[in-house]
Amino acid sequence: MLHIINKSPLTNSALDSCLRVAQSGEILLIEDAVYAATSGNAFEGKIREAMGRFRIYVLQPDLDARGLADRIIEGVLPVDYGGFVELTTTNKTCQSWL
Amino acid sequence: MPSIEVDGKTYETDEEGYLTNLADWNKEIANYIAQTENINMTEQHWEVINFLREYFEEYQIAPAVRVLTKAIGKKLGPEKGNSEYLYSLFPYGPGKQACKIGGLPKPTGCV
Amino acid sequence: MSNIKKFMFVNRKAPHGTIYALEALEVVLITAAFDQDVSLVFLDDGVYQLKKGQQTKGIETKNFSSAYRALEGYDIEKLYVEKESLEARGLGEEDLLVDVTVLGRAEMGELMDQQDVVLSF
């Protein structure tokens, strides 16, 4: 299953909720959720922990827009828009944590 | 959408005549818009247009008139960095008219 | 000149994901015309607005981050960033695209208390 997050982890509980409820699968961080994929962010520990249970992707254009392409946490996988679409088709279901 | 026609080509504008796509701009379009504003483009006019376009390139906004005046004074000297001079070139407002001719959006805060 | 008021704009949202940051910036640029004592504060995810190196081509939106560098020309020179917000995001002053004053949260609170008008974004 694919989980999509679009809110910053430090001002919204969407990613926390996702990590609390979901047990495994794939997580795609888009829009303001890409901050969660950057090293030095206070959420980094939780992301590293989640990498044991999930494959975590981040949308590269959103990372570029925020000037953080060089801060991506090792092990988080960058995807472009094509990769985004692919993730939605290879997973049977998809939950957007709006 | 309103549009203008220059050299047989059509360009989209907003309802006030500002180019919709900044990338469309060229000198022929500038001369055409100037004509519709009753402005005869001289070297002094181009100096201001070029300055505005450089400013926009750098900051991604069109400056307010006050800011433009000050910045022109800094770059081109006090005899040009005053509103009397700039209004003599662009009687209906240096921000408004020069931005339109230069293919830039209307300055923020300009009514 | 006694009618000059202290205006503070409080920016707490990340750029691009929502419209708040851009709207705040537009209001600030307009306010500059009224010759007031303007301060900009960046708190929480708002500090991300000032991150260097933003490239918005890929998401096809306006890269308004360059406009923060124009603020000086608008005589808006009081930019404050909260230290704790920067640290929680792994950022330092060197990551920001303009010169700012970094304040701890207590100093930031005091500065807020001194304002005549506070506008929140």
Side-chain angles (χ1 to χ4, degrees), chain A residues 4-16 18 27-49 57-86 96-98, chain C residues 10-25 41-69 81-98 100 102 104-105 108 120-121:
Chain A
I4 300 176
I5 318 281
N6 75 339
K7 306 280 196 308
S8 165
L10 301 185
T11 46
N12 184 288
S13 59
L15 183 51
D16 258 325
C18 167
I27 295 175
L28 172 61
L29 305 169
I30 66 169
E31 299 171 15
D32 286 344
V34 301
Y35 293 119
T38 61
S39 60
N41 187 292
F43 208 85
E44 181 175 357
K46 289 189 187 173
I47 287 288
R48 290 194 179 276
E49 203 181 69
Y57 301 87
V58 61
L59 192 61
Q60 183 78 46
D62 279 327
L63 211 49
D64 293 339
R66 291 158 181 79
L68 289 159
D70 57 347
R71 299 287 176 95
I72 187 165
I73 296 171
E74 212 190 316
V76 174
L77 309 161
V79 290
D80 58 12
Y81 289 113
F84 185 163
V85 173
E86 212 174 299
S96 286
W97 297 79
L98 300 174
Chain C
V10 182
N11 297 282
R12 294 186 51 249
K13 300 276 201 294
H16 312 305
T18 62
I19 197 75
Y20 289 92
L22 175 58
E23 290 289 324
L25 186 58
V41 158
F42 298 87
L43 282 182
D44 299 324
D45 279 349
V47 302
Y48 282 135
Q49 293 175 24
L50 302 180
K51 177 69 179 65
K52 266 183 198 165
Q54 300 178 42
Q55 298 292 341
T56 58
K57 244 201 180 94
I59 61 169
E60 296 182 19
T61 62
K62 187 178 162 76
N63 187 2
F64 58 91
S65 69
S66 316
Y68 294 102
R69 290 188 291 105
V81 174
E82 193 210 25
K83 185 166 172 278
E84 289 80 356
S85 298
L86 275 181
E87 283 169 356
R89 287 158 186 80
L91 300 176
E93 247 181 289
E94 69 284 357
D95 292 311
L96 307 182
L97 47 77
V98 279
V100 300
V102 176
R105 59 183 153 214
M108 193 61 98
S120 324
F121 290 88

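In what follows, chains are A, B, ... by sequence order, proteins preceding strands, each numbered from 1. In what follows, every heavy atom counts, from backbone to side chain, and hydrogens, waters and symmetry copies are set aside.
Proximity to chain A is limited to the backbone of Lys52(C), based on heavy atoms less than 4.5 angstrom apart. With a 4.5 angstrom heavy-atom cutoff, Glu87(C) touches chain A only via backbone atoms. Only the side chain of Tyr81(A) comes within less than 4.5 Å of a heavy atom of chain C; its backbone N, CA, C and O stay farther away.
Of the listed residues Asp62(A), Asp80(A), Asp32(A), Val34(A), the one with more heavy-atom pairs under 4.5 angstrom with chain C than any other is Asp32(A). Ranked by heavy-atom pairs shorter than 4.5 Å toward chain A, the options Ile59(C), Thr56(C), Thr18(C) are led by Ile59(C).
Ion pairing between a basic and an acidic side chain is recognised when a charged N comes within 4.0 Å of a carboxylate O; Arg71(A) and Asp95(C) show such pairing.
Of the possible polar contacts, one joining the Lys51(C) side chain to the Gly67(A) backbone as a donor-acceptor pair under 3.5 Å is found. The backbone N or O of Ile73(A) lies less than 3.5 Å from no partner atom in the side chain of Glu44(A), so there is not a single donor-acceptor pair. Formation of a donor-acceptor pair under 3.5 Å by the Asn11(C) side chain with backbone atoms of Ala24(C) is not found in this model.
By the 6.0 Å and 45° rule, Arg12(C) does not stack over the aromatic ring of Phe121(C).
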